[in-house]
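As structure tokens, the structure follows; a few thoughts come after it.
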Amino acid sequence: MSSMSAVKSRLIPAITTVTSIGVGVWLGVQYERKTLPLPSVLAKTSSPSDEVDTRTVPGHLVPVTPTPGPQTSPGKAGQIMRYGFPGLTDLKSREGYVVSYDRRNRNPHWVFEHLTSSHIRGDSDRQQCDFKEDETIHPYFRATNWDFKRSGYDRGHLAAAANHRHSQTAMGDTFYLSNISPQVGEGFNRDAWNKLEKYVRGLTKQFNNVYVCTGPLYLPRKEPDGKMYVKYEVIGRNHVAVPTHFFKVIACETNKGELILESYVMPNDKIDNNVPLKNFLVPVESIERASGLLLFDRIPRNAFKAINGRQP
């Protein structure tokens with residue numbers, strides 16, 4: 001098996017099983033790492049020796065379909081659920097990405113891409129693409145273009161359109177609103193976040209394969225009463241949630257099969273253009289704890305040559 005195939009075999013099963021989204025902590029508005037230590041939930045809270053690492057334990061992932069427990073036979077489960085399940089996560093496979101859709105917040109849970117240098121080259125025309133409802137999602141749970149109208153927020157791609165220039169269809173798929181989150185425009189979507197997206201595309205010139213997982217976060221912050229609250233705006237008639245932050249976790253494979261990992265969190269706010277991207281690097285474990293997701297968990301951490309520029 002080639003190194004590329006091996007990585008695919010480890011990653012693809014993982015993206016079909018990880019389905020939930022959670023919360024973490026507010027990062028604040030000051031980005032200088034020397035003066036702003038990582039909040040406790042976004043810092044590593046225990047050493048490897050303090051807990052069992054379950055990421056390589058077979059069967060630790062929650063399956064998409066229910067598995068009967070010791071006291072529930074398959075027939076019993078079928079009888080209990082004979083009239084249907086209240087909900088199973090919406091997984092959509094497009095030409096260039098896979099998305100898990102969050103019906104409650106009308107945002108993606110996460111979007112997963114596999115990029116190579118050939119993906120970002122081509123003559124696909126963004127001007128031929130229109131933002132559109134995802135009609136595969138029940139009307140109760142869809143975001144619409146009207147939700148964004150006069151909201152003050154951009155329709156921000158999680159799988160970037162420019163990542164898929166190789167195919168007009170693939171680029172068009174990125175304009176489904178199931179791949180979109182409300183993002184601050186000036187200073188974020190058009191600036192700092194765009195800079196991070198360009199950086200990811202640049203990685204395809206250095207590495208054979210680049211795997212990217214992107215998603216929203218809804219992080220708590222301390223209010224004047226001293227308590228922590230998860231508070232975020234909703235827009236439009238469908239109450240589309242405005243994430244407080246976004247994450248992007250990147251796994252790169254060299255031509256020797258070596259892997260490196262980088263993980264970023266950015267606040268959904270105006271960011272000074274002079275702040276370097278490296279200031280938004282955080283431990284991948286902090287994103288996992290904050291989001292409720294396991295990211296690249298089929299690859300043991302010690303298998304990476306570097307994580308955020310350092311040896312694991």
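Heads up: numbering here begins at 1 and tracks the sequence. All values below were derived from every heavy atom in this structure, side-chain atoms included, with hydrogens, water molecules and symmetry-related copies excluded.
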Can you get from [X] to [Y] by hopping between Ile, Leu, Val, Met, Phe, Trp and Tyr side chains that sit under 4.5 Å apart?
X	Y	result
Trp193	Leu277	yes
Phe148	Leu158	yes
Trp146	Phe131	no
Phe175	Tyr101	no
Ile180	Phe141	no

Assess the residue pair Lys92 and Ser178 against the criterion (side chain to side chain donor-acceptor pair (under 3.5 Å)); give the C-alpha distance rounded to whole Å, side-chain angles, the decisive distance to 0.1 Å, and a yes or no.
CA-CA 9 Å; Lys92 312 294 179 185; Ser178 53; over 6 Å; no
Of the non-hydrogen atoms in [X] and [Y], which two are nearest, and what is the gap between them?
X	Y	value
His109	Leu293	O-CD1, 4.3 Å
Pro182	Asn268	O-ND2, 3.2 Å
Pro216	Phe247	O-CE2, 4.0 Å
Asn105	Asn107	O-ND2, 2.8 Å
Ala290	Leu219	CB-CD2, 4.1 Å
Ser167	Glu95	OG-OE2, 2.8 Å

Indicate the ring-plane relationship of His166 and His119, choosing parallel, tilted or perpendicular according to the 30° and 60° boundaries.
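Answer is perpendicular, since the angle exceeds 60°.
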Check the angle between the aromatic planes of Tyr211 and Phe112 and answer parallel, tilted or perpendicular using the 30° and 60° thresholds.
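Because their plane-to-plane angle lies in the 30° to 60° range, the rings of Tyr211 and Phe112 count as tilted.
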List the steps, then state whether side chain to side chain contact (heavy atoms under 4.5 Å, CB included) holds for Phe304 with Val284.
CA-CA 12 Å; Phe304 287 99; Val284 66; over 6 Å; no
Mark yes or no for whether Thr244, through its side chain, and Leu217, through its backbone, hold a donor-acceptor pair below 3.5 Å.
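Indeed, once roles are kept as given, a pair shorter than 3.5 Å links the two residues.
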Return yes if some donor-acceptor pair links the side-chain N/O of Asp154 with the main-chain N/O of Gly156 below 3.5 Å, else return no.
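Checking the backbone N and O of Gly156 against the side chain of Asp154, no donor-acceptor pair under 3.5 Å is found.
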Given ring-ring contact (aromatic ring centres under 6.0 Å, His included), test Tyr232 with His245 step by step and report yes or no.
CA-CA 10 Å; Tyr232 52 88; His245 294 71; over 10 Å; no
Take Val212 and Lys248, measure what side chain to side chain contact (heavy atoms under 4.5 Å, CB included) needs, and give me the verdict at the end.
CA-CA 7 Å; Val212 189; Lys248 195 178 286 290; 3.6 Å; yes
Once you round to the nearest 0.5 Å, how far does [atom1] of [X] lie from [atom2] of [Y]?
X	Y	atom1	atom2	result
Tyr264	Ile287	OH	CD1	10.5 Å
His164	Arg201	NE2	CZ	9.5 Å
Phe207	Asn255	CZ	CG	10.0 Å
Glu133	Thr144	CD	OG1	5.5 Å
Asn209	Leu259	CG	CG	9.5 Å
Leu203	Ser117	CG	OG	12.0 Å

For the pair Phe280 and Phe246, evaluate side chain to side chain contact (heavy atoms under 4.5 Å, CB included) and give the outcome as yes or no after the intermediate values.
CA-CA 11 Å; Phe280 301 101; Phe246 291 92; over 6 Å; no
Does NZ or CZ of Lys270 come closer than 6.0 Å to the centre of the six-membered ring of Phe188, within 45° of the ring's axis?
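Not satisfied by the 6.0 Å and 45° rule.
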Short N-O contact, Arg106 and Asp147, less than 4.0 angstrom:
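Result for this pair is no, no salt bridge flagged.
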Taking atom CD as the centre, does Gln311 end up with more than 12 heavy-atom neighbours from other residues, nucleotides or ligands that are less than 6.0 angstrom away?
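Count not over threshold, so no.
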